[in-house]
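Structure record follows, encoded as structure tokens.
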Amino acid sequence: MAAVDSATSAQQILNNLARTDTQKASTTEDAQNRFLTLLTTQLKNQDPLNPMDNAAVTSQLAQISTVDGIERLNTMLGQLMEGQQSSEALQASQLLGRGVLVPGKGLVLTDQGSLGGFKLDAAADKVVVTITDANGLEVASVDMGAHAAGTHSFQWDGTTTDGTPAAAGTYTVKVTATNKDEKVAATALELGQVSSVIRGPKSVDLQVGALGIFQLDEIQQIL
């Protein structure tokens, strides 16, 4: 009776099992059954002069168990991610219509003034917000004083450097922060309103008006 090449045949089945993470559970189970059938056939038809040792059998069974464990783990992780996305979607839906601060350099001035923000990577003993118009000309420079690391909001009433009121419209903000004359990384934040929730394949995102789409962790402050 001809001997069966156990290493090649069993490894082929294992390769089929691990080929893709998108196989259905029924397909995986069928492959496992074929593997066990093949292994049983190998044992029955092995060369009596060169039989498979216990270590080889145990190794192959361990491999099939590992593949099965990976399949189950992938399924579980997929379920956890789906549950997390559902939770994020519910959380994001509560932000509809709310004002938020997101990374951006714009500042809109209305008759009631304007609201902006900044984020500091470290504490600063001096923070200066420079406001420029559409032509790049400086309109105002506001000393915000000392601030701790983190996110902060500010208001500008529209008063320019020479004391006259600025025209309503959109301006650009630049934030400069220092601590004992050492530069501190600072990010300008822009005010926007959450207009919709977008559930993508991997994350839940927010449409913040005309400012664009932002992920939840990009929302620096909720107003």
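Bear in mind that the values here come from a model prediction, so they are computed numbers and not experimental data.
Here the side chain of Asp143 pairs no donor or acceptor atom with the backbone of Val128 at under 3.5 angstrom. Although no hydrogens or angles enter the test, the distance criterion places a donor-acceptor pair under 3.5 Å between the side chain of Ser114 and the main chain of Trp156. The closest donor-acceptor contact from the side chain of Gln207 to the backbone of Gly209 lies under 3.5 Å. No donor-acceptor distance shorter than 3.5 angstrom exists from the side chain of Asn179 to the backbone of Glu182, with no hydrogens or angles considered. For the pair Ser153 (side chain) and Gly116 (backbone), a donor-acceptor distance under 3.5 Å is absent. Here the side chain of Glu190 pairs a donor or acceptor atom with the backbone of Gly106 at under 3.5 angstrom. A distance-only check finds no donor-acceptor pair linking the side chain of Arg98 to the backbone of Val194 [under 3.5 Å]. Judged purely by atom type and a 3.5 angstrom limit, Asn135 has no side-chain atom pairing as donor or acceptor with the backbone of Leu137.
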Worked verdict on Val108 versus Leu191 for side chain to side chain contact (heavy atoms under 4.5 Å, CB included): CA-CA 8 Å; Val108 178; Leu191 175 65; over 6 Å; no
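Nearest heavy atom pair, residue Gln193 against residue Gly97, reads NE2-O, 3.0 Å. In this structure, Leu109 and Ala167 approach most closely via the heavy-atom pair CD2-O, 3.5 Å.
Side-chain contact check for Leu189 versus Thr151: some heavy-atom pair is nearer than 4.5 Å.
With a 6.0 Å radius and a threshold of 12 heavy atoms from other residues, nucleotides or ligands, Gln155 has its CD atom at or below the threshold. More than 12 heavy atoms of other shown residues, nucleotides or ligands fall within 6.0 angstrom of atom CG in Asp162.
Both Val204 and Ile222 are part of a single hydrophobic cluster, where members link through side-chain heavy atoms under 4.5 Å apart. Linking Ile, Leu, Val, Met, Phe, Trp and Tyr whenever their side-chain heavy atoms come within less than 4.5 Å puts Leu206 and Leu96 in one cluster. A continuous path of Ile, Leu, Val, Met, Phe, Trp and Tyr side chains, each step under 4.5 Å between heavy atoms, connects Phe118 with Tyr171, placing both in one hydrophobic cluster. Residues Leu107 and Val127 share a single hydrophobic cluster, defined by chaining ILVMFWY side chains whose heavy atoms lie under 4.5 Å apart.
With Leu95 as the fixed residue, the side-chain contact (heavy atoms from CB on, under 4.5 Å) test singles out one of Leu216, Val208, Val197: Leu216.
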